[in-house]
Amino acid sequence: MQLSTILSQPPASTFQPTILHFPPKPVFSPPTNSRHFSGTNIFRPGMASLSAFGLVGSQKSDSSSFVGNDSSRCCTLMDFVGKGGVDVGDDLVLLLHHIQYACKRIAALVASPFNSSLGNQTGIAAAGTAGSDRDAPKPLDLVSNEIILSSLRSSGKVAVMASEEDDSPVWINDDGPFVVVMDPLDGSRNIDASIPTGTIFGIYSRLVELDHLPVDEKASLNSLQSGSRLVAAAYVLYSSATILCASFGSGTYAFTLDHSTGDFVLTHPNIEIPPRGQIYSVNDARYFDWPEGLREYIDTVRQGKGKYPKKYSARYICSLVADFHRTLLYGGVAMNPRDHLRLVYEANPLSFLVEQAGGKGSDGKRRILSIQPSKLHQRLPLFLGSSEDIEELLSYGNVQQKVNPGYEV
């Protein structure tokens, strides 16, 4: 079988049901591989009612199977992915436990009054330099990257990690069943203004058929799998609340960090993005750089002359995770028409999440998850959102602002 075929094909099978032994641990207790726990029920009594979290109205009606009939009981992320929930398997549960621990540490760091002092620490800012395809990292980017890398190593379940902050993938463990691609701290340039930031990651199965290759080669090829092969994806939003939104291939779910218990609690079960919204999210300052098709679309919808007879509003934070999170809940379109965002660790995971919620992800011409990556830091335009809004946008033809010579369309 040719290598390009291997990388682009969907996974051959889904996770098989298994018995789990990994209920959640305290929020700031570093996880270890050897610690085991007794079984636990998916529902945890004695916590606040879900109604206090204000569940979003666009959630699917069948989500009750995951939150129970008793509103006084709550489901945590670890309960949800375990035997009493969607049951993703022991290996992925343990990996997710380590990832959520890392994200809790990043959330605390982002909110710390001392994070601005990181740039003054000798060696941190100089520890990473921008490669030809990467943005110059900030101190918090590098620290977040190290926090996640440490957690992935501790899990023992990751073969290779590919990050925005590294020029090339990092091989971790020959026996790790998973590949993790990530943007450790999206929107970090907004930290000083206390604007929301986030972490984005995607999880693939390791391609065992490549195990015979040299380390650098198999690390690269494992990281360049098509988005259609994702087995899980998530983002973590660091804002007024810390929210982890994930999909394991059957719906999209959001969990809010309860600081009193250290648990991510299911607050948005089975999210369904509205088929059409009334918000577009894009940098309007570049209006005169846009192609005719995109300008015509924006002019039409904000005048209420499109297929939806109401005027659209503009909402733009310039933080990808924050703009996407709002779009996922309220509908509409979040976009960057320039070939600026990264296919491997930004576009693919977010497209996976929006498709699992009933929306669409496109580069302006192609479905994102159908694109075969050619390099780790490959850039492309990105349009994410409600299915009807994306379809109407693409009907205007040329909506990509600019295409670099190395980007094929």
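For clarity, every value in this text was computed on a predicted model and none was experimentally measured.
Side-chain atoms of N190 and S319 include no donor-acceptor pair closer than 3.5 Å. Looking only at atom types and distance, the side chain of T199 has a donor-acceptor partner in the side chain of Y238 under 3.5 Å away.
Formation of a donor-acceptor pair under 3.5 Å by the Q100 side chain with backbone atoms of F264 is not found in this model. For N336 (side chain) and L382 (main-chain N/O), no donor-acceptor pair under 3.5 Å exists by modelled atom type. A side-chain donor-acceptor contact under 3.5 Å links Q372 to the backbone of L224. The backbone N or O of K218 sits less than 3.5 Å from a side-chain atom of N222, completing a donor-acceptor pair. The main-chain N or O of A241 is never found under 3.5 Å from a side-chain atom of S239 such that the two would form a donor-acceptor pair. Side chain of D323 to backbone of I317: a donor-acceptor contact under 3.5 angstrom is found. No donor-acceptor pair closer than 3.5 Å links the side chain of T300 to the backbone N or O of K305. A donor-acceptor pair is defined here as one N or O able to donate and one able to accept, closer than 3.5 Å; no such pair exists between the side chain of Y345 and the backbone of P184. For Q278 (side chain) and Y312 (main-chain N/O), no donor-acceptor pair under 3.5 Å exists by modelled atom type. No donor-acceptor pair closer than 3.5 Å links the side chain of T327 to the backbone N or O of G331.
In this structure D299 satisfies the side-chain hydrogen bond (donor to acceptor under 3.5 Å, both in side chains) test together with Y287, R302, sequence neighbours excluded. In this view, S386 and I273, D389 satisfy the side chain to side chain contact (heavy atoms under 4.5 Å, CB included) rule, not counting sequence neighbours. Partners of S168 under the side chain to side chain contact (heavy atoms under 4.5 Å, CB included) rule, at least two apart in sequence or in another chain, do not exist in this structure.
The two atoms that bring A159 and R206 nearest to each other are CB-CD, 3.5 Å, heavy atoms only. Closest non-hydrogen pair, F383 versus G364, comes out as CD1-N, 3.5 Å. Of all non-hydrogen atoms in S351 and L369, the two that sit nearest each other are CB-CD2, 4.0 Å. Of all heavy-atom pairs between V344 and P373, the closest is CG2-CB, 3.9 Å. Nearest heavy-atom pair, V86 versus V81, reported as atom, atom and distance to 0.1 Å: CG2-CA, 3.8 Å. Heavy atoms only, all atoms of each residue included: L353 and A246 are closest at CD2-C, 3.6 Å.
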Test log, rule side-chain contact (heavy atoms from CB on, under 4.5 Å), inputs R189 and K138: CA-CA 8 Å; R189 64 181 177 178; K138 293 185 177 295; 3.5 Å; yes
Between Y204 and L230, does the side-chain contact (heavy atoms from CB on, under 4.5 Å) criterion hold? Intermediate values first, please. CA-CA 5 Å; Y204 296 92; L230 279 163; 3.4 Å; yes
Assess the residue pair D263 and D79 against the criterion (side-chain contact (heavy atoms from CB on, under 4.5 Å)); give the C-alpha distance rounded to whole Å, side-chain angles, the decisive distance to 0.1 Å, and a yes or no. CA-CA 10 Å; D263 290 322; D79 294 333; over 6 Å; no
side-chain contact (heavy atoms from CB on, under 4.5 Å) between N348 and V181: does it pass, once the steps are laid out? CA-CA 10 Å; N348 271 338; V181 297; over 6 Å; no
How far apart are the C-alpha atoms of Y297 and Y280, what are their side-chain angles, what is the distance that settles it, and do they pass the ring-ring contact (aromatic ring centres under 6.0 Å, His included) test? CA-CA 11 Å; Y297 168 77; Y280 70 89; 7.7 Å; no
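Looking at heavy atoms from C-beta onward, M335 lies in side-chain contact with I298 at the 4.5 angstrom threshold. Side-chain atoms of I271 and C245, non-hydrogen and from C-beta on, do get closer than 4.5 Å to each other. The shortest distance between side-chain heavy atoms of F324 and V354 falls below 4.5 Å. In this structure, the side chains of R342 and D183 stay at 4.5 Å or more apart for every pair of heavy atoms. Looking only at side-chain heavy atoms (C-beta outward), D284 and W290 come within less than 4.5 Å of each other. In this structure the side chain of I172 reaches within 4.5 angstrom of the side chain of L149, judged on heavy atoms. Between P196 and L237 there is a side-chain heavy-atom pair separated by less than 4.5 Å. Counting heavy atoms from C-beta outward, I148 and I99 have side chains that stay 4.5 Å or more apart.
The aromatic rings of F80 and F248 lie tilted to each other, with the angle between the two planes from 30° to 60°.
The CZ atom of R286 sits 12.5 Å away from atom CG of L294, with the distance rounded to the nearest 0.5 Å. Here the CG atom belonging to L142 is positioned 9.0 Å from the CG atom belonging to D166, to the nearest 0.5 angstrom. Between the OG atom in S313 and the OH atom in Y330 there is a gap of 13.0 Å [rounded to 0.5 Å]. Going from atom CG of N145 over to atom CG of L140 covers 12.0 Å, rounded to the nearest 0.5 Å. The CG atom of L350 sits 12.5 Å away from the NE2 atom of H325 when rounded to the nearest 0.5 Å. How far NZ of K365 is from CG of L380: 12.5 Å, rounded to the nearest 0.5 Å.
Within a 6.0 Å sphere centred on CD of E391, other residues, nucleotides and ligands contribute more than 12 heavy atoms.
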